[in-house]
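Within every chain, numbering begins at 1; the chains are lettered A, B, ... in the order of the sequence lines, protein sequences first and strands thereafter.
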2 protein chains.
Amino acid sequence: MTSGMRPVPEDHMAPIGFGDHDHDTCVENALTSAEQLCRENGLRLTPVRRKVLEMLLQEHRALGAYAILDRLREEGFGSQPPVAYRALDFLVRNGFVHKIERLNAFVACSHPGATHSPAFMICRKCDAVAEAQASTAKGSLGAAARAAGFEIERTVVEAEGLCPDCTKKARK
Amino acid sequence: MTSGMRPVPEDHMAPIGFGDHDHDTCVENALTSAEQLCRENGLRLTPVRRKVLEMLLQEHRALGAYAILDRLREEGFGSQPPVAYRALDFLVRNGFVHKIERLNAFVACSHPGATHSPAFMICRKCDAVAEAQASTAKGSLGAAARAAGFEIERTVVEAEGLCPDCTKKARK
DNA sequence: CTTGTCATGTTATTCCATATCATATATCCG
DNA sequence: CGGATATATGATATGGAATAACATGACAAG
């Protein structure tokens with residue numbers, strides 16, 4: 001995704017929360033749009049890469065590299081770590097997937113194709129992950145960085161806590 | 001640090017950047033104040049824990065658990081992973097040390113004793129780490145979280161980029 | 001003294017990640 | 001077309017991060 005970036009339409013930004021939605025359609029759409037994005041940008045969404053993206057879209061949770069690897073093996077792909085890591089590297093580099101540093105794990109991006117610095121809400125109970133925009137960090141951290149002479153290139157913002165579902169369950 | 005928390009005086013907040021400073025004194029002071037904080041709060045800053053804290057204070061960089069472990073071995077402490085991880089756990093739990101998720105590594109806190117949600121600036125070239133305040137994330141992320149019904153308990157904010165020194169060197 | 005708690009030691013295992021070398025498959029260009 | 005170049009996969013090995021599980025020691029409270 002070195003070129004062809006464009007802001008994503010608002011209506012695609014909406015369903016990034018913990019709410020219910022038509023998951024099959026959601027996965028379908030995401031895969032189709034990923035294919036198109038790759039075509040437009042001369043990227044190769046090879047079978048392994050597509051499979052890994054599909055797996056991550058199926059979950060709305062972070063998957064570890066070895067969980068991914070296990071499933072790849074079941075599907076008849078190579079089963080050595082580099083297979084998963086290379087696919088993940090491609091998907092992360094091109095904005096289809098994000099790494100959750102807190103968990104050393106990966107989630108599908110909620111609105112690929114958009115230039116964005118994501119922020120994540122991670123449920124410590126069920127590992128669900130929701131993506132939001134993190135224009136925020138530019139604010140006071142940006143000021144601190146300017147003051148210190150530090151050049152920010154990338155920012156990781158990850159909030160840990162309880163998702164709506166688990167909050168409800170906890171109250172019972 | 002379950003009690004006895006108090007805002008840290010402004011003059012202690014200042015030297016959190018990348019600038020030069022009298023390092024020996026800085027380490028000394030930090031250790032002394034850690035000891036006092038522990039005494040006040042009924043915490044035991046045992047030899048291993050003290051040593052680990054001292055090591056982290058010596059560097060102004062993140063150290064991996066195994067780097068720490070190596071040095072512990074040299075100093076005659078136990079050399080199995082749990083030794084380091086337990087000491088680190090204590091230091092993190094009580095606010096003397098922070099974990100840098102991006103690096104799977106640890107840094108000494110710049111102003112322990114203060115209730116704070118830290119933000120970090122991490123140099124991708126030399127691994128130097130500076131700590132700043134992250135009141136920021138409460139802003140737009142907080143709004144997103146409220147909208148989604150997500151209860152934030154902790155926030156990780158880590159900016160990656162080039163520190164002043166490495167920026168200068170890069171320009172040459 | 002014994003019971004409980006906290007800290008440490010030790011062994012083993014699991015998970016995360018990458019270096020390296022070999023092989024295959026596109027893609028570009030003469 | 002055919003060869004050069006870049007990109008993708010396969011496979012082996014290894015290193016680093018993290019924790020589970022079990023045993024021992026130190027010490028304070030009852």
Between D:dA18 atom P and A:E101 atom CD, what is the distance in whole Å?
12 Å

In whole Å, what is the span from the CG atom of B:L69 to the P atom of D:dA17?
10 Å

In whole Å, what is the span from the CG atom of A:N41 to the C1' atom of D:dT7?
17 Å

Does a salt bridge link A:K168 with B:E151, judged by any charged N lying under 4.0 Å from a carboxylate O?
no

How many Å lie between CG on B:L72 and C1' on D:dA17, as a whole number?
16 Å

Is A:R102 salt-bridged to B:E101, cutoff N-O under 4.0 Å?
yes

Tell me whether the OP1 or OP2 atom of C:dA17 has a side-chain N or O from A:Y85 closer than 4.0 Å.
yes

Would A:R73 and A:D70 pass as an ion pair if we require N to O under 4.0 Å?
yes

Please, which pairs that meet ring pair (Phe, Tyr, Trp, His ring centres under 6.0 Å) have at least one residue in residues 31-56 of chain B, sequence neighbours excluded?
none

What is the separation between atom CZ on B:R102 and atom P on C:dC16, rounded to the nearest whole Å?
17 Å

Whole angstroms only, please: what is the CG-P distance between B:L103 and D:dG15?
21 Å

With a cut-off of less than 4.0 Å, is there a side-chain N or O of B:N104 near OP1 or OP2 of D:dA18?
yes

Nucleotide-resolved protein contact map, nucleotides 4-14 of chain C, B/S/- at heavy-atom distance under 4.0 Å:
--SSBBBB---

Nearest-Å distance, CZ (A:R50) to P (D:dT9)?
14 Å

Rounded distance (Å) that lies between atom C1' of D:dA8 and atom CG of A:L88:
15 Å

Residue list, salt bridge (Lys or Arg N to Asp or Glu O under 4.0 Å) with B:E75, at least two apart or on another chain:
B:K51

Measuring centre to centre across the rings, with the benzene-like ring taken for any Trp, is B:F106 within less than 6.0 Å of B:H98?
no

Is a salt bridge present between A:R71 and A:E54, judged by a nitrogen-to-oxygen distance below 4.0 Å?
no

Side-chain N,O (A:K51) to OP1/OP2 (D:dT9) below 4.0 Å
no

